[in-house]
Engineer: 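This is the structure I want to talk about, given as structure tokens.
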Number of protein chains: 2
Amino acid sequence: MEKKEKDISTEEKIKEAARIVFTKKGFSATRTRDIAEEAGLNLALLNYYFRSKEKLFHIIMEEKFEQFFGMIIRLLDDESTSLEKKVTAVANDYIDMLLANPDLPIFVLSEIKNNPALFSDRISSRLLKSVFFRQLNEVRPDINVFHFILNLLSMIIFPILAQPVISQIDAMKDKKFKKFIIERKKLIPIWFNSILNTK
Amino acid sequence: MEKKEKDISTEEKIKEAARIVFTKKGFSATRTRDIAEEAGLNLALLNYYFRSKEKLFHIIMEEKFEQFFGMIIRLLDDESTSLEKKVTAVANDYIDMLLANPDLPIFVLSEIKNNPALFSDRISSRLLKSVFFRQLNEVRPDINVFHFILNLLSMIIFPILAQPVISQIDAMKDKKFKKFIIERKKLIPIWFNSILNTK
DNA sequence: GTCTATATACTGATAGAC
DNA sequence: GTCTATCAGTATATAGAC
């Protein structure tokens, strides 16, 4: 009767395997057999629990989109923190999340590109109405909010996206790459302050 | 005997179709039938001219990698321009190239992630030995060159990568998005100067 | 619920006519 | 060189035994 690891339901085993394989290879390159193998389960069980590859993919995709966009929006829509604190918080927490999920950005961007309908405009409107947008407009109405937020996200997300390229450089392999990214947690807020305080 | 459009060889028609379809959908999601259809040609001709999907892909991929990395390296390895001019040149010319080839960045990054062996370390060493690296070290030896170049590339490339997401926002559709990106040609050098002149 | 076996459809590649 | 027809291999999905 005691709880063991083995008590994870078959359904959840399949979902966990699907998270790994889909985010790693994308929808097209993933075979249902890859997921079954990753889960250590029979192929037929995927269809028993989820009906089709598409349906399973949609469940995982929505989870991953929420992970990717939801966290940013929650950090930027916080009434209790200042603009500077938000930049620091995004740099810290979002980088940590991406280091734990390095396949996430390219998965999300690729799948939205393949099928833009997957991305609901509800997400972008949550960003546009966020506290962050209001705050930046109060402090620096001359700064284009879109440029500012896109610079922040670029400097955080792009290096993770480009890791497979960057890590080919000897000085940037594995742990060195991770150390390099963690350095950016401190540096990104500094760079943004010099932009904010210029002119 | 006169030259017409129709004089484009069948081989080149297939390559041009392959460029479009492979960069749009990636290797796995592309069917050889998609390429034949895009070229307006019979499927069997692909194998007649290029033996296999893999071989055709390798040809296109190497072209595209050279386009993506080669241009950056040529701009950064120019003895005749200053550091500031290089930032301006990269912001201008590279953004123009990416606007003309919006599928290029995610294609290159996805395919290298799927198969890191595709990316030769010859490319990274050309970057590390570039004039740009030497120049930045002379002017600001306290600045980490990797952070600097990655910030530059992030701010240029990421917005293009994220276009399918950004353009879901009403204020960022089509021509407005392009205008927004072109604004960045002027702004990116300004932002980098405030970072370079700080501290 | 889970397995084996198999149906059905798709994809890359080739044989052979023209 | 280019086409039609088709093969062989693989992928998703299901039927049916346990």
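What you are looking at is a predicted structure, and each value in this text was computed from that prediction instead of being measured. Chain letters run A, B, ... following the sequence lines, proteins first and then strands; every chain starts at 1.
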Engineer: What is the distance from CD of Glu11(B) to C1' of dT2(D), rounded to the nearest Å?
Structural biologist: 15 Å

Engineer: Under 6.0 Å between ring centres: does that hold for Phe57(B) and Phe22(B)?
Structural biologist: yes

Engineer: Please tabulate the protein-to-nucleotide N/O contacts below 3.5 Å involving nucleotides 4-8 of chain D, giving atom names and distances.
Structural biologist:
residue : atom : partner  : partner atom : Å
dT4(D)  : OP2  : Asn42(B) : ND2          : 3.2

Engineer: Closest-nucleotide mapping onto DNA chain D: is Asn47(A) or Arg31(A) further toward the 5' terminus? I mean the 5' end.
Structural biologist: Arg31(A)

Engineer: Would you say Glu37(B) has more than 12 foreign heavy atoms packed within less than 6.0 Å of its CD?
Structural biologist: no

Engineer: Side-chain N or O of Tyr48(B) versus OP1/OP2 of dT2(D): is the shortest distance under 4.0 Å?
Structural biologist: no

Engineer: Could you give the CG-to-P distance, from Leu41(A) to dG1(C), as a whole number of Å?
Structural biologist: 13 Å

Engineer: How many whole angstroms separate atom CD of Glu37(A) from atom C1' of dA11(D)?
Structural biologist: 15 Å

Engineer: Within the structure, does a side-chain N or O atom of Thr32(A) lie under 4.0 Å from either OP1 or OP2 of dA13(D)?
Structural biologist: no

Engineer: I'd like to know if Asp96(A) pairs up with Lys185(A) as an ion pair, taking the criterion as any Lys NZ or Arg NE/NH1/NH2 lying under 4.0 Å from an Asp or Glu carboxylate oxygen.
Structural biologist: yes

Engineer: Between dA11(D), dT2(D), dA13(D), spot the one nearest the side chain of Tyr49(B), thanks.
Structural biologist: dT2(D)

Engineer: Within the distance-only criterion (no hydrogens, no angle test), does the side chain of Ser194(B) pair as donor or acceptor with the backbone N or O of Ile195(A) below 3.5 angstrom?
Structural biologist: no

Engineer: Starting from C1' on dG12(C), measure out to CZ on Phe50(B) and report it in whole angstrom.
Structural biologist: 16 Å

Engineer: Send over the distance from Leu45(A) CG to dA15(D) C1', rounded to a whole Å.
Structural biologist: 15 Å

Engineer: Can any side-chain N or O of Asp34(B) pair as donor or acceptor with the backbone N or O of Arg31(B) at less than 3.5 Å?
Structural biologist: yes

Engineer: Can you tell me which nucleotide in dT11(C), dA13(D), dA13(C) comes closest to the side chain of Lys53(A)?
Structural biologist: dA13(D)

Engineer: To the nearest angstrom, how far is Asp34(B) atom CG from dT11(C) atom P?
Structural biologist: 8 Å

Engineer: Have a look at Thr30(A) and say if it touches a base, only the backbone sugar-phosphate, or nothing, with a 4.0 Å heavy-atom cut-off.
Structural biologist: sugar-phosphate

Engineer: If you look only at pairs with a residue in residues 49-59 of chain A, which of them pass as a side chain to side chain donor-acceptor pair (under 3.5 Å), with sequence neighbours excluded?
Structural biologist: none

Engineer: Does any N or O in the side chain of Lys25(A) come within less than 3.5 Å of the main-chain N or O of Asn114(B), such that one atom is a donor and the other an acceptor?
Structural biologist: no

Engineer: Near DNA chain D, under 4.0 Å by heavy atom, which residues of residues 54-62 of chain A?
Structural biologist: Glu54(A)

